[in-house]
Amino acid sequence: MAQAVSLIFPDGSRREYDAVATGADIAASISKSLAKKAVAYALDGTLRDLADPIGEAGGRIEIITRDDPRALELIRHDAAHVMAEAVQELYPGTQVTIGPVIENGFYYDFARDEPFTPEDLPVIEKKMREIIARNKPFTKEVWPRERARQVFRDKGEFYKVELVDAIPEGEDVKIYAQGDWFDLCRGPHMVSTGQIGNAFKLMKVAGAYWRGDSENAMLTRIYGTAWATQEQLDQYLHMLEEAEKRDHRRLGREMDLFHFQEEGPGVVFWHAKGWRLFQNLVSYMRRRLDGTYEEVNAPQVLDHSLWQTSGHWGWYKENMFKVECADEEAEDKRVFALKPMNCPGHVQIFKHGLKSYRDLPIRLAEFGTVHRYEPSGALHGLMRVRGFTQDDAHIFCTEEQLAEECLKINELILSTYADFGFKEIKVFLSTRPEKRVGSDALWDHAEEIMTGVLEEIGRSDSRITTAINPGDGAFYGPKFDYVLKDAIGREWQCGTTQIDFNLPERFGAFYIDRDSEKKQPVMIHRAICGSMERFLGILIENYAGHFPLWFAPVQVVVATITSDADAYACEVAGRLKAAGLTVETDLRNEKINYKVREHSHAKVPVILVCGKREAEERTVNMRRLGSREQASLSLEEAVASLAGEATPPDMRRAAS
RNA sequence: GCCGGCAUAGCUCAACUGGUAGAGCAACCGCCUUGUAAGCGGUAGGUUGCGGGUUCGAGUCCUGCUGCCGGCACCA
């Protein structure tokens, strides 16, 4: 007789069971209907197979039914297994590798001589539905390592053999079977394939390197999405469709903000309205720097020797633009490089003249345009370009000032993101990479400081989630990355704070300390938006082009109904311009319906309709983007309220 | 850079298995003086991304390149 263990149920009740009792037994002991609906159980919050015995420890138990949010993970994981079975049934000789659950779905990586194409997806999907309909139970076995190795080797599953070998000694080698098909898997799984349901869809095929390493073979990855119900699936697909309408590349064209063309892969042609957005952002950031930073400007093109000194020529040569005189015969030929970073320039400025410890911290800012020869496959609209402007700054300070400077930067970043309405921000601390400079002691010290700062950042704001990215730091020091999401949830690094123990040393930068000795400053690289281009891309998507009044490229259109009101409309526009607003008039001989439609499409936040009536009464009729409602205001009122509303949030704070 | 896909007018798309490019919207020109998301009529617009090939004939088939899209890798 096995040992009796005590289980605590969600309602707080406590009951005794045999340690060999399974989740299924426990569900059955509660009610027949629960036993039928159960797909798994959780012991102290950890999901397990329903067929797993509860074991001797006992604890808090929850029976997981299919409609439990935690079941979604199982549905997706099971779907990945079924997809793998479908693929192997349809395309014999295909090797399976790994197939994890991801946000909104799952994927599975396959090795096959001939890669899959999108046309294969419906076929695989159909086979999956067949397998699900067979409703075979998932069963688990623990195999001896050697047997697993042997079986997979005999099947020609060489990637699986590698995975078996990678399982740490002492950990079980678990095999999950569904009918005749089986896979190495950590589990858990639901009871049978039928529980997956039919609310799934295969989304796309993509290449992916084995174990994420570009030195390895490229596998074919198939992505799928899976949900508990058809409604949820439809909702998700609908959300993706809606998100596509917010894509900054699409809105850039529709709103006439910018374009790209073949001759300039990865470089932006900013149109008038887009450039206004760009300048609005620069002006905002510049105001935020006022009083704390000194703005400078360093050259675009510098001799490559400077980049050799900085180390970039060695580390990043393949990503740099080389610049030289086009005349091959030129006698004074030198090799220059287009700057990929602003920091060496700022170090030169710092070095110009002797600095005292009393001068520190010195904060040099630059809206610095840099060029990087990014891999062709990395380019992505405004998000990843080859020429971009950073709202860059470098802080030269003492080690003691480091933590405080990081926190100050954090405040600046978070208040900026708040002004643009971001509600979800991830902050990552990236620690020492393999390829690095500086002693371990130095890294230990920096990482210790930054870990403390990260904790403080995490506490500072409820919109933030923090995490550590081990090994992701820059070669010269650890860093914080501030990550924002685009319309479809892709994450992009925007703000950053990077500690650098290396560059001051390389360039021999120093200050005179209290004791009249030369001392090396610590350097902090930081950016708030990161790249203005990327930040604008994110803003376009997050606002779906509906910018707040203070940021919109065209803030107001004054539209007439008939030409009788032309003079008055011009007067209204003049008054608004005088109040600092960006205004256009629309005096065309068109119906007001037509004008409203057109400016609504252009996402102008405010349309002021001025007809004969308004001209006589000296009023305006105000219509807001996204609303059908109209308000009649006196001209004075309208100017005052729009001017107030168009005040940027930082200036509003300063005024109050 | 790697894997897969795509490339026809400014935009969205059409042109059966190869038979010398067509529509809507936008643009331009007229008419309409109009009250809150498309008035009416007309005109113009393409060396089908670029280069080679197969063919009597290529937007369509083959091939090289370029760019873009989705991932992967990279991201100082």
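Computation of the quantities below employed the complete heavy-atom set of this structure, encompassing side-chain atoms and omitting hydrogens, waters and symmetry-equivalent molecules. Order of the sequence lines fixes the chain letters, A, B, ..., with proteins taken first and strands second; residue numbering starts at 1 for each chain. Bear in mind that the values here come from a model prediction, so they are computed numbers and not experimental data.
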Considering every strand shown, what is the Watson-Crick or G-U wobble mate of [N] when both distances are under 3.5 Å?
| N | result |
| --- | --- |
| U48(B) | none |
| C72(B) | G1(B) |
| A37(B) | none |
| A23(B) | U12(B) |
| U55(B) | none |
| A7(B) | U66(B) |

Could you tell me how far apart [X] ([atom1]) and [N] ([atom2]) are, to the nearest whole angstrom?
| X | N | atom1 | atom2 | answer |
| --- | --- | --- | --- | --- |
| His248(A) | C68(B) | NE2 | P | 12 Å |
| Asn469(A) | C74(B) | CG | P | 12 Å |
| Met383(A) | C68(B) | CE | P | 16 Å |
| Lys479(A) | C75(B) | NZ | P | 8 Å |
| Leu382(A) | C75(B) | CG | C1' | 17 Å |
| Asp564(A) | G35(B) | CG | P | 12 Å |
| Leu202(A) | G71(B) | CG | P | 16 Å |
| Asp586(A) | A37(B) | CG | P | 15 Å |

May I ask you to say what [X] touches in the nucleic acid, namely base, sugar-phosphate or nothing, with a heavy-atom cut-off under 4.0 Å?
| X | answer |
| --- | --- |
| Pro340(A) | base |
| Arg221(A) | sugar-phosphate |
| Lys595(A) | nothing |
| Phe475(A) | nothing |
| Pro265(A) | sugar-phosphate |
| Ala378(A) | base |
| Ala206(A) | base |
| Thr220(A) | nothing |
| Gly311(A) | nothing |
| Gln498(A) | sugar-phosphate |
| Ile592(A) | sugar-phosphate |

Would [X] and [Y] pass as an ion pair if we require N to O under 4.0 Å?
| X | Y | value |
| --- | --- | --- |
| Arg618(A) | Glu571(A) | yes |
| Asp247(A) | Lys245(A) | no |
| Lys339(A) | Glu366(A) | yes |
| Asp586(A) | Arg588(A) | yes |
| Asp109(A) | Arg221(A) | yes |
| Glu447(A) | Arg432(A) | yes |

N or O in side chain of [X] less than 4.0 angstrom from [N] OP1/OP2:
| X | N | value |
| --- | --- | --- |
| Arg253(A) | G10(B) | no |
| His380(A) | G70(B) | yes |
| Tyr223(A) | C72(B) | yes |
| Lys435(A) | A76(B) | no |
| Arg623(A) | A37(B) | yes |
| Arg249(A) | G70(B) | yes |
| Arg628(A) | U36(B) | no |

### Task
Could you identify which residues of residues 480-493 of chain A place a heavy atom less than 4.0 Å from some atom of RNA chain B, listed by residue number, or say none?
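By residue number: Arg490(A).
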### Query
Looking at Leu503(A) and His525(A), what are the two nearest heavy atoms and their distance?
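In terms of heavy atoms, the two residues are closest at CD2-CE1, 4.5 Å.
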Return the orientation label for the [X] and [Y] ring planes: parallel under 30°, perpendicular over 60°, tilted otherwise.
| X | Y | answer |
| --- | --- | --- |
| Tyr108(A) | Phe110(A) | parallel |
| Trp275(A) | Trp270(A) | tilted |
| Phe475(A) | His312(A) | perpendicular |
| Trp227(A) | Tyr236(A) | tilted |

### Query
So which one's nearest nucleotide on RNA chain B is more toward 5', Ser214(A) or Lys591(A)?
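Looking at RNA chain B, the more 5' nearest nucleotide goes with Lys591(A).
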### Task
Assign each of Tyr476(A) and Gly381(A) to its nearest nucleotide of RNA chain B by heavy atoms, then name whichever residue's nucleotide is nearer the 5' end.
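So the residue in question is Gly381(A).
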For [N] versus [M], give the span between their [atom1] atoms, rounded off to a whole number of Å.
| N | M | atom1 | answer |
| --- | --- | --- | --- |
| U8(B) | A21(B) | C1' | 8 Å |
| A14(B) | C32(B) | P | 40 Å |
| G22(B) | G45(B) | C1' | 13 Å |
| G24(B) | G19(B) | C1' | 27 Å |
| C6(B) | G49(B) | C1' | 12 Å |
| C31(B) | C68(B) | C1' | 43 Å |
| G71(B) | G30(B) | P | 48 Å |
| U20(B) | A37(B) | C1' | 43 Å |

### Query
Any idea which of C68(B), G39(B), A76(B) is nearest the Leu379(A) side chain?
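Looking only at heavy atoms from C-beta outward on Leu379(A), the closest nucleotide is C68(B).
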### Message
Among U33(B), C3(B), C75(B), which nucleotide has an atom closest to any side-chain atom of Tyr316(A)?
### Response
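Of all the options, the side chain of Tyr316(A) is nearest to C75(B).
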Going by modelled atom types, is there a donor-acceptor pair between the base of [N] and the side chain of [X] at under 3.5 Å?
| X | N | value |
| --- | --- | --- |
| Arg211(A) | A73(B) | no |
| Tyr373(A) | G1(B) | no |
| Asn621(A) | U36(B) | yes |
| Glu614(A) | G35(B) | yes |
| Arg384(A) | C75(B) | yes |

### Task
Establish, yes or no, whether the cationic atom of Arg386(A) lies under 6.0 Å from the six-membered ring centre of Tyr373(A) and within 45° of the ring axis.
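Cation-pi check for Arg386(A) and Tyr373(A): passes.
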